[in-house]
Q: 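My structure is below; once you've seen it, I'll send some questions.
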Amino acid sequence: MTNRPRVYRDVMPASRTDAPNLLVLIKSVLPSLSKAETKVAQEIIREPEAASTRTITELARAAGTSEATVVRFCRSLGLAGHRELRMRAAQAVIGTGDGPDREIAGGDIPTGADMSRIIATISYADVGAITDTANALDTAACEAAVNALAAAGRIDVFGVEASGIVAADLVKKLHRIGSVAFSWPDVHSALVASALAGPKDVAVAISHSGATTETVEFLEAARDREAVTIAITNHARSPLAQTADLVLTTAARETTFRSGATVSRIAQLMVVDCLFVGVAAKQRKRTAKALAATAAAVSHRRT
């Protein structure tokens, strides 16, 4: 294809004025880091304020690794060096404001937590997922995805388990404004659909980890048929992201008792809403007509 959209696979450059919060950036690339670099990442996530003041030697010692590893870690994040890492850590601390106590902000449910603590922890994580996702999203990639969806002959969307719920939500939204869109309940159906895809079609794959085998396989099959491929994932360097033409990153942290829970879906649904509203706004007359027709079709079902 000669007119395929630009590929957005790299982490957002640190030089951008709207660069994401350092902690969001670290979490997005965490699965791709080496074991030694992961130690540095975990130390910064645990003590961002300390990371903003520590020398490279002090940070390496606190993480139980070497100065060379800290340098490699900075490069993995696309940072110029340790000085920029300290600056971005300080900005992350300032951006957090006063906020809740560390236990709530950490996102884990402490042993013996009462219901008020559970509510505070979960609500903080969910609100944070939306805010961090908004900061992490590449607006150019979103715009390109909206353009592709609006022009698509057919849209196939696939996700496994919790991400499958989000896939179904996107399809329902698009279907209501007249887009030809389908979500698939299992990988066999998804692969059959992708086998019939072509250059005028779009395939959307949703996975928090970006490493779900079935989801990656679906997007690879659609890519081989030259469909435009879009990935919605929490990890910018995941196998799914590397397969896609357009990568839309969420920023949600799954914690104790919450693997595959609402926090990751909320972040994904926020991205889905942005795509839907973008497509709807791009074709306002068609959208208004379709919404009126679909509302009228079910109006008599209300008491």
Q: For a quick test of reading the model, state the closest non-hydrogen atom pair linking A141 to V247 and the distance between them.
A: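 Of all heavy-atom pairs spanning A141 and V247, the closest is CB-O, 4.0 Å.
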
Q: Indicate the atoms forming the closest heavy-atom contact of L33 with A41, along with that distance.
A: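 Looking at all heavy atoms of both residues, the closest pair is CD1-CB, 3.9 Å.
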
Q: Please determine whether residues L246 and M270 belong to a single hydrophobic cluster, defined as Ile, Leu, Val, Met, Phe, Trp and Tyr linked transitively by side-chain heavy-atom distances below 4.5 Å.
A: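 Yes, L246 connects to M270 through the hydrophobic network.
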
Q: Could you tell me whether the side chain of R286 and the main chain of G178 form a donor-acceptor pair under 3.5 Å?
A: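 Judged by distance alone, yes, a pair lies under 3.5 Å.
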
Q: Look up atom CD1 in I56 and atom CZ in F73, then write down how far apart they are to the nearest 0.5 Å.
A: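 I56 atom CD1 to F73 atom CZ measures 11.5 Å (nearest 0.5 Å).
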
Q: Supply the atom-to-atom distance L170 CG to I230 CD1, rounded to the nearest 0.5 angstrom.
A: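 Rounded to the nearest 0.5 Å, the CG-CD1 separation comes to 9.0 Å.
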
Q: Taking the side chain from R154 and the backbone from A193, do they hold a donor-acceptor pair closer than 3.5 Å?
A: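 Checked: pair present.
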
Q: Is there a donor-acceptor pair under 3.5 Å between the side chain of T229 and the backbone N or O of D245?
A: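 Judged by distance alone, yes, a pair lies under 3.5 Å.
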
Q: Can you see which heavy atom on A197 is nearest to which on A227, and at what distance?
A: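 In this case the closest contact between A197 and A227 is CB-CB, 4.0 Å.
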
Q: Can a donor-acceptor pair be found, under 3.5 Å and without considering hydrogens, that links the side chain of D132 to the backbone of A129?
A: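 No; zero donor-acceptor contacts below 3.5 Å.
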
Q: Please report the closest heavy-atom contact between S52 and A90, naming both atoms and the distance.
A: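 For S52 and A90, the tightest heavy-atom pair comes out as CB-N, 3.5 Å.
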
Q: Between S179 (side chain) and A181 (backbone), is there a donor-acceptor pair under 3.5 Å?
A: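 Judged by distance alone, no pair lies under 3.5 Å.
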
Q: Checking V228 against D201 for the side chain to side chain contact (heavy atoms under 4.5 Å, CB included) test, could you report, in this order, the C-alpha distance in whole Å, the side-chain angles of both residues, the deciding distance, and whether it holds?
A: CA-CA 6 Å; V228 176; D201 301 323; over 6 Å; no

Q: Return yes if some donor-acceptor pair links the side-chain N/O of T233 with the main-chain N/O of S207 below 3.5 Å, else return no.
A: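 Between the backbone of S207 and the side chain of T233 there is a qualifying donor-acceptor contact (under 3.5 Å).
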
Q: Quick one: pull up CG in L25 and CZ in R88 and give me the separation to the nearest 0.5 Å.
A: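 Rounded to the nearest 0.5 Å, the CG-CZ separation comes out at 6.0 Å.
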
Q: Ignoring hydrogens, what is the shortest heavy-atom contact between A280 and T287? Give both atom names and the distance.
A: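 That would be O-OG1, 3.0 Å.
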
Q: Do L291 and V171 sit in the same hydrophobic cluster, where Ile, Leu, Val, Met, Phe, Trp and Tyr count as joined when their side-chain heavy atoms come under 4.5 Å apart?
A: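 Yes, L291 connects to V171 through the hydrophobic network.
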
Q: Between I177 and F276, does a side chain to side chain contact (heavy atoms under 4.5 Å, CB included) hold up when you go through it step by step?
A: CA-CA 9 Å; I177 61 172; F276 167 71; 3.7 Å; yes

Q: Between CD of Q268 and OG of S163, what distance do you get to the nearest 0.5 Å?
A: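 Q268 CD to S163 OG: 4.0 Å, rounded to 0.5 Å.
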
Q: Answer yes or no: is there a side-chain heavy-atom contact under 4.5 Å between E161 and H208?
A: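 The answer is no; the side chains never approach within 4.5 Å.
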
Q: Are M87 and L79 connected in a single hydrophobic cluster, I mean Ile/Leu/Val/Met/Phe/Trp/Tyr linked by side-chain heavy atoms less than 4.5 Å apart?
A: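 Cluster IDs for L79 and M87 differ.
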
Q: Spell out, yes or no, whether V127 and I130 are grouped together once hydrophobic residues are joined by side-chain heavy atoms under 4.5 Å, including indirect joins.
A: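 No, no single cluster joins them.
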
Q: Using every non-hydrogen atom in the two residues, find where V202 and A148 come nearest and quote the distance to one decimal.
A: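 Heavy-atom minimum between the residues: CG2-O, 3.4 Å.
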
Q: Tell me, with the steps shown, if I44 and L59 meet side chain to side chain contact (heavy atoms under 4.5 Å, CB included).
A: CA-CA 9 Å; I44 295 172; L59 178 57; 4.2 Å; yes

Q: Could you tell me whether the side chain of E37 and the main chain of S34 form a donor-acceptor pair under 3.5 Å?
A: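 Answer holds: yes.
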
Q: Sequence neighbours left out, what pairs pass ring-ring contact (aromatic ring centres under 6.0 Å, His included) with at least one residue falling in residues 43-64?
A: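 Non-adjacent pairs meeting ring-ring contact (aromatic ring centres under 6.0 Å, His included): zero.
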
Q: Could you check if a side-chain atom of D156 sits within less than 4.5 angstrom of a side-chain atom of V204, using non-hydrogen atoms only?
A: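 They are not in side-chain contact.
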
Q: If you round to the nearest 0.5 Å, how far is CG of D224 from CD of E226?
A: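 So the CD of E226 and the CG of D224 are separated by 9.5 Å.
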
Q: Can you check side chain to side chain donor-acceptor pair (under 3.5 Å) on N234 and K27, steps first, answer last?
A: CA-CA 8 Å; N234 208 73; K27 291 169 188 176; over 6 Å; no

Q: Checking Q42 now: which residues fulfil side-chain contact (heavy atoms from CB on, under 4.5 Å) with it, not counting sequence neighbours?
A: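 Result, side-chain contact (heavy atoms from CB on, under 4.5 Å) vs Q42: T38.
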
Q: With distance as the sole test, does T243 use its side chain to make a donor-acceptor pair with the main-chain N or O of P239 at under 3.5 Å?
A: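 It does hold such a pair.
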
Q: Please determine if E43 and R54 form a salt bridge, counting it only when a charged side-chain N lies under 4.0 Å from a carboxylate O.
A: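 A salt bridge is present here (some side-chain N lies under 4.0 Å from a carboxylate O).
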
Q: Can you list the other members of the hydrophobic cluster that holds F182, where links are side-chain heavy atoms under 4.5 angstrom apart?
A: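 Reading the cluster by chain and number, F182 sits alongside F158, V160, V180, W184, V187, L191, V216, F218, L219, L240.
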
Q: Among all residues two or more places apart in sequence or in another chain, which pass the side-chain contact (heavy atoms from CB on, under 4.5 Å) test with C142?
A: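 For C142, the residues satisfying side-chain contact (heavy atoms from CB on, under 4.5 Å) (neighbours in sequence not counted) are L137, L248.
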
Q: Would you please name every residue forming a side-chain contact (heavy atoms from CB on, under 4.5 Å) with D186, sequence neighbours left out?
A: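 Per chain and number, D186 pairs via side-chain contact (heavy atoms from CB on, under 4.5 Å) with H188, S189.
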
Q: Using only atom types and a distance under 3.5 Å, with no angle test, would you say the side chain of R237 pairs donor to acceptor with the backbone of V29?
A: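 Not a single qualifying donor-acceptor pair exists.
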
Q: Please name all residues satisfying side-chain contact (heavy atoms from CB on, under 4.5 Å) with A68, sequence neighbours left out, ordered by chain then number.
A: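 Once residues adjacent in sequence are excluded, the partners of A68 under the side-chain contact (heavy atoms from CB on, under 4.5 Å) criterion are S66, R72.
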
Q: Can you tell me how far OG1 of T294 sits from NE2 of H175, rounded to the nearest 0.5 angstrom?
A: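 The NE2 atom of H175 sits 9.0 Å away from the OG1 atom of T294.
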
Q: Does the side chain to side chain contact (heavy atoms under 4.5 Å, CB included) test come out yes or no for L77 and L22, once each step is laid out?
A: CA-CA 9 Å; L77 264 61; L22 177 66; 3.7 Å; yes

Q: Assigning hydrophobic clusters by single linkage (Ile, Leu, Val, Met, Phe, Trp, Tyr; side-chain heavy-atom cutoff under 4.5 Å), is V272 placed with V277?
A: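 Yes, one cluster joins them.
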
Q: Main chain of T55, side chain of E58: is a donor-acceptor contact present, judged purely on distance under 3.5 Å?
A: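 Yes.
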
